[in-house]
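In what follows, every chain begins at residue 1, and chains take the letters A, B, ... in the order their sequences are listed.
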Amino acid sequence: MPPALRVRFAPSPTGYLHIGGARTALMNFLQARRQGGTFVLRMEDTDQGRSTPESVQAILDGLNWLGIDWDEGPGKEGPYAPYFQMQRLDTYRKHADQLIAEGKAYRCYCTKEDLDAQRQVAEKAGGAFKYPGTCRERTEPPAGRNAADAVIRFKMPAGDGSVSFTDKALGTITKTHSDLDDWVMMRADGIPVYNFGCVIDDHLMDITLVARGQEHVNSTFPQLMLYQALGWTPPDFAHLPLILGPDREKLSKRKHPEADVMVHKRNGVMPEALLNFVIRLGWSHGNDEVISREQMLEWFDFSDVGTTSGVWNPEKLLWLNQQWMKQLPVETVVERLLPFLEAKGIQAKGDPRLETLVRTLRERSNTLEDIATTAANVYFRSGITLDEKAATKHLSGESLNLLRKVRETLTALPEWSVEALDGVVKQVSEASSVGMGKVAQPIRVALTGNTTSPGIGETLVLVGRDESLLRIDAALTRG
RNA sequence: GUCCCCGUCGUCUAGAGGCCCAGGACGCUGGCCUUUCAAGCCGGUAACACGGGUUCGAAUCCCGUCGGGGACACCA
């Protein structure tokens, strides 16, 4: 029996949770759950300049909002703790020392400035810079320097050779040693650099499958060299297709605001929809489009993930969000809508109109924010501004007489319900021998200021009895 | 520039040699329904990057070209 699946998501806490990261996390999470494996969350917080506790929290918040739970990681200390790289420095040091002792790594005293200068020259000449190996054979520190201020570099084996691996998504990929160089494993202050910390942790945490974005395929090679040097068996790798912005470039925090998971939350997109959208980038299940978390859990498998990067499609996200607003129980949507109303100064909790509000507006809104906006602009307020064009057309002459009749019937109506209210329209139109539209439009304009709205019964209910009568009276004064 | 990956409708995708003169979805669009707007339903639009092979037969396999993306840090 093969060892149980252990996968991980290893973000660096240097900002909010990125959409690409969220999808990587989601896929790892799904695969682990589906196979009864373990999903580890590890914080790669070794960039001292950019890592912040706030970012750690932001990532945790993002994952929590999406409902992506980790089995081990921050807040869920497991047998492989700690899960923050900055708390694992001793481990890295130990392995780095071992590698030096075995002649597989060495201390390098070249300064960043010198290297940068060399890099510039190389780039000007139109080539890629590779560390020339200045300190490769050095055994003693140069004059005036000591071992403590050296970085540690991996020592590529001499001679020709190549590294290759069979990616679960991309197939076999090979690279020759000559394309690689003696990369920095550890800074002088003992903090590991990505490729080093990543390998040490993946191995020590018994990760069996590393699934990450395709931007990392090239870093797999130096990592593989390290596994080799350490005598460790590397895990399996699966490189997931990238998510591209509308400009077809990798979705990035700098250029694409939609890369932030939480902006979608703020925009009124629900986690179900975001997850649904993101899982369909690079993966599909038959002709299914609206896919629940339960279905993902049942259907998702890395072996079905594609190889081509996908472009962010905001319209589809919005469509999915509406599908989810329609699919989720009304009470659930009401619950989620509350904060959006509150943000507009509307304390609607307990308001009897909420259910009708959601029922009618989710048919014509893409987001919770859309619903809240409409609610604030037309239903949860007193008075309404009439659109002049609409008023001129529907609130004059004979229309006002019909509206007057409606008003009378309304006043006498014992029950203010959608059915009863729609009945009024029918009743008045029949009594006056005119089409229902003739009766409905004046009411609509009087109530909403516009010619478009949900059904009249629903609109009357949403505006409320007292406010409806006031708005109709106001419209009547135009005569 | 070098290396790596990728290439089916505008976009997300189905397609693992014949079931494909290529299916679904978003978008756009025509119609139905209808008290308006939606929603829903029915229909339309639109793609195998190109060129060579292999094969009785290729979107599917091979090669090349072109195109796109990614990586080239003491960032991750």
Side-chain angles (χ1 to χ4, degrees), chain A residues 10-14 44-51 85 108 110-112 115-116 119 122-130 150-153 167 169-171 173-176 178-181 183-189 191-195 197-198 212-221 239 241-242 244 246 248-250 277 280-290 306-320 322 326 360-365 390 394 422 425-426 429 435-445 448 450-457 459:
Chain A
S12 74
T14 53
E44 307 216 327
D45 55 351
T46 54
D47 184 336
Q48 289 297 277
R50 298 193 304 148
S51 296
Q85 291 193 317
C108 167
C110 297
T111 65
K112 184 120 175 25
L115 260 16
D116 284 345
R119 194 179 341 267
E123 273 165 20
K124 243 193 191 112
F129 172 76
K130 279 169 51 187
V151 303
I152 298 173
R153 283 184 186 273
D167 189 276
L170 301 173
I173 311 175
T174 306
K175 200 142 191 164
T176 56
S178 56
D179 286 328
L180 271 21
D181 73 348
W183 48 280
V184 173
M185 297 180 353
M186 190 179 271
R187 304 167 173 98
D189 57 9
I191 296 176
V193 164
Y194 173 68
N195 282 146
C198 181
R212 74 240 293 196
Q214 262 177 24
E215 70 266 31
H216 285 117
V217 305
N218 284 302
S219 56
T220 308
F221 299 100
H239 288 93
L242 264 16
L244 274 22
R248 304 199 107 270
E249 282 188 33
K250 185 175 75 154
F277 175 75
R280 282 284 287 98
L281 249 29
W283 177 84
S284 67
H285 180 270
N287 286 337
D288 295 303
E289 294 291 345
V290 180
T307 54
T308 56
S309 301
V311 174
W312 183 262
N313 182 344
E315 286 81 23
K316 187 140 186 183
L317 206 216
L318 257 18
W319 176 78
L320 279 168
Q322 182 178 40
K326 288 165 62 176
T360 57
L361 292 192
R362 67 179 173 181
E363 300 291 328
R364 45 213 113 208
S365 309
H394 297 287
D422 275 330
V425 176
K426 197 170 177 209
S429 76
M436 293 216 284
K438 289 278 184 216
V439 180
Q441 284 306 78
I443 309 176
R444 191 170 338 260
V445 175
T448 68
N450 264 295
T451 52
T452 62
S453 85
I456 291 299
T459 304

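- When heavy atoms are screened at a 4.0 angstrom cut-off, A:Thr14 is found touching no nucleic acid atom at all.
- In this structure, A:Ser284 reaches the B:A14 phosphate: one of its side-chain N or O atoms is under 4.0 Å from OP1 or OP2.
- Nucleotide B:G24 holds its P atom 14 Å from the CH2 atom of A:Trp319, rounded to whole Å.
- Using a 4.0 Å heavy-atom distance criterion, A:Ser365 is classed as making no nucleic acid contact.
- The distance between atom CG of A:Asp47 and atom P of B:A73, rounded to the nearest whole Å, is 15 Å.
- Residue contacts for A:Lys326: at a heavy-atom cut-off of 4.0 Å it reaches the sugar-phosphate backbone alone, with no base atom in range.
- Within the nucleic acid shown, A:Pro454 comes within 4.0 Å of at least one base atom, counting heavy atoms only.
- If you check every strand for non-hydrogen atoms under 4.0 Å, A:Arg248 touches sugar and phosphate atoms only.
- Residue A:Leu320 contributes atom CG, which lies 14 Å from atom P of B:A39 at whole-angstrom precision.
- At least one donor-acceptor pair closer than 3.5 Å links the side chain of A:Arg280 to the backbone N or O of A:Trp283.
- Of all the heavy atoms in A:Glu44 and A:Pro13, the pair that sits closest is O-CD, 3.5 Å.
- A:Thr451 comes within contact range of at least one nucleobase, with a heavy-atom separation under 4.0 Å.
- For A:Arg444, counting side-chain heavy atoms from C-beta on, the closest listed nucleotide (B:G70, B:U36, B:A39) is B:U36.
- One atom, CG of A:Asn287, and another, P of B:U13, lie 14 Å apart when rounded to the nearest Å.
- Separating the P atom of B:C37 from that of B:G18 is a span of 48 Å, rounded to the nearest Å.
- Separating the C1' atom of B:U55 from that of B:A47 is a span of 25 Å, rounded to the nearest Å.
- Under the Watson-Crick or G-U wobble criterion, with both distances below 3.5 Å, B:A71 is paired with B:U2.
- Residue A:Glu315 contributes atom CD, which lies 8 Å from atom C1' of B:C26 at whole-angstrom precision.
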Worksheet item: Yes or no on side-chain contact (heavy atoms from CB on, under 4.5 Å) for A:Gln322 and A:Arg362, after CA distance, side-chain angles and deciding distance?
Response: CA-CA 7 Å; A:Gln322 182 178 40; A:Arg362 67 179 173 181; 6.0 Å; no

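- Note on A:Ile456: a base of the nucleic acid sits closer than 4.0 angstrom, heavy atoms only.
- A:Ser453 and A:Thr459 are linked by a side-chain donor-acceptor pair at a separation below 3.5 angstrom, with hydrogens and angles left out of the test.
- Both distances falling under 3.5 Å, in either a Watson-Crick or a G-U wobble arrangement, occur for no nucleotide opposite B:U60.
- Across all strands, A:His216 comes closer than 4.0 Å to base atoms (heavy-atom distances).
- Separation of the P atoms belonging to B:U8 and B:C50 is 11 Å when rounded to the nearest angstrom.
- The nearest heavy atom of RNA chain B to A:Leu115 and to A:Ser309 marks one nucleotide each, and the one closer to the 5' end goes with A:Ser309.
- Between B:C3 and A:Lys130, no contact under 4.0 Å exists linking OP1 or OP2 to a side-chain N or O.
- Counting non-hydrogen atoms under 4.0 angstrom, A:Ser453 reaches a base of the nucleic acid.
- The pairing partner recorded for B:G10 is B:C26, the criterion being a Watson-Crick or G-U wobble arrangement whose two distances lie under 3.5 angstrom.
- Nearest nucleotide to the side chain of A:Arg364, out of B:A76, B:G70, B:C37: B:C37.
- Using Watson-Crick or G-U wobble geometry with both donor-acceptor distances under 3.5 Å, B:C32 finds its partner in B:G40.
- As judged by a 4.0 angstrom heavy-atom cut-off over every strand, A:Val193 is placed among residues touching the sugar-phosphate backbone only.
- Note: CG (A:Leu242) to P (B:C12) measures 13 Å, nearest angstrom.
- Across all strands, A:Thr452 comes closer than 4.0 Å to base atoms (heavy-atom distances).
- For B:G24, its base sits under 3.5 Å from the side chain of A:Glu289 at one donor and acceptor pair at least.
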Worksheet item: What's the verdict on side-chain contact (heavy atoms from CB on, under 4.5 Å) for A:Val290 and A:Leu320, showing C-alpha distance, side-chain angles and the deciding distance?
Response: CA-CA 7 Å; A:Val290 180; A:Leu320 279 168; 4.2 Å; yes

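- Within 4.0 Å of A:Asp422, counting heavy atoms only, lies at least one base atom of the nucleic acid.
- Within 4.0 Å of A:Asp179, counting heavy atoms only, lie sugar-phosphate atoms of the nucleic acid but no base atom.
- If you take atom P in B:G24 and the same atom in B:A14, they sit 15 Å apart, rounded to whole Å.
- Across all strands shown, A:Val151 has heavy atoms under 4.0 Å from base atoms, whether or not it also approaches the sugar-phosphate.
- If you take atom P in B:G7 and the same atom in B:A49, they sit 9 Å apart, rounded to whole Å.
- Position along RNA chain B of the nearest nucleotide to A:Met436 versus A:Trp312 favours A:Trp312 as the more 5'-ward residue.
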